[in-house]
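Here is how names work: the chains are called A, B, and so on, in the same order as the sequence lines, proteins then strands, and each is numbered from 1. Heavy atoms only: backbone and side chains are in, while hydrogens, waters and symmetry mates are out.
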Amino acid sequence: MLEPKLNPKMKKRLEWINKNDELMKSWLVDYIQQHDWKPPFNSKEETELDYIKQFLNDARYCAETAQTREECRNMKSAWNRWEKRYNNRKSKTVVEGNYTISMVARKELERLAKQQTCSFSKVLDTLLRNAKEMEFLQKKLEKHLQEENDGLRMDTAFLATFFDTDFPHQQAQIMTQDLRKEMETDKKQYQEELRELKKELKEKQTKIAELTAIIED
DNA sequence: CGCAGGGAACAAGTTTGTCC
DNA sequence: GGACAAACTTGTTCCCTGCG
């Protein structure tokens, strides 16, 4: 039987382990057990610190092979991922998710990230914030069109101010054309409906006035 | 140049939600 | 209530970038 040889590289490789970090300790205990690197942790007989100290001590005698190198790298990487996700979960401002999107959307995401030299996350975040903004503008636009008796005055320039690239601008043009047609067809109908609504509104107002009078009496 | 670190992809397992 | 899909969790791997 060969005497186990001390491997100084292992010590260096595991220096990132902070024995004072409670979170890291309990994570490590799970990780070590999960990989069957040590017998199961028994909280009645040992502390997490004992367990980890023992593990580190044993690890110093690991043979210097590609596998141990790999395992050490993976362990550190797993911890970094876990910690990052843990912090994300705690965060009030960011949240990590996992979604399935179409290839078309994915290609576009890739293109935008490259164009802006930023991460996918940043692109998605910005896009969705913009979408919120768009929703607000859309509502404003609808209101604008409703108030304006002559909705036809809306033109591409009006919509184009919300966009800054060619493709959306073209879409805006098509959208405006469609809207124009639709409005021309439906204008009379809307006017009729508007008259009806105004009538109804007047009736309700009268009713409210009556009720208010009764309550005040 | 080698290496560490970070972002993302990918894989596999688990939990949660929805529908009948 | 169970079948199935969607969403979430965790770990691993790949790839790129920046630093010494």
**Q.** Side-chain H-bond candidate by donor/acceptor type, A/Asp50 with A/Thr47, under 3.5 Å
**A.** yes
Q: Measure the CG-CG distance between A/Leu112 and A/Leu127 for me, rounded to the nearest 0.5 Å.
A: 6.0 Å
Q) In residues 24-33 of chain A, which ones come under 4.0 Å of DNA chain C, going by heavy atoms? A) A/Trp27, A/Tyr31
(Q) Are A/Leu14 and A/Arg60 packed together at the side-chain level, in the sense that at least one heavy-atom pair is separated by less than 4.5 angstrom? (A) no
Set out, line by line, the N/O atom pairs under 3.5 Å between protein and nucleotides 2-8 of chain B.
unit_1	atom_1	unit_2	atom_2	d
B/dG5	OP2	A/Lys76	NZ	2.6
B/dG7	OP2	A/Lys84	NZ	3.4
B/dA8	OP1	A/Phe120	N	2.4
B/dA8	OP2	A/Ser121	OG	3.4

Q.
Would the distance check show the side chain of A/Glu46 and the main-chain N or O of A/Asn42 forming a donor-acceptor pair, the cut-off being under 3.5 Å?
A. yes
Q: Would you check if the side chain of A/Gln33 reaches a backbone N or O of A/Phe41 as a donor-acceptor pair within less than 3.5 Å?
A: yes
**Q.** Residues A/Trp82, A/Asp30; criterion side-chain contact (heavy atoms from CB on, under 4.5 Å); working and verdict
**A.** CA-CA 12 Å; A/Trp82 188 90; A/Asp30 282 348; over 6 Å; no
(Q) Let me check something: do A/Leu49 and A/Trp16 share a hydrophobic cluster, defined by ILVMFWY side-chain heavy atoms less than 4.5 Å apart, either directly or through other members? (A) no
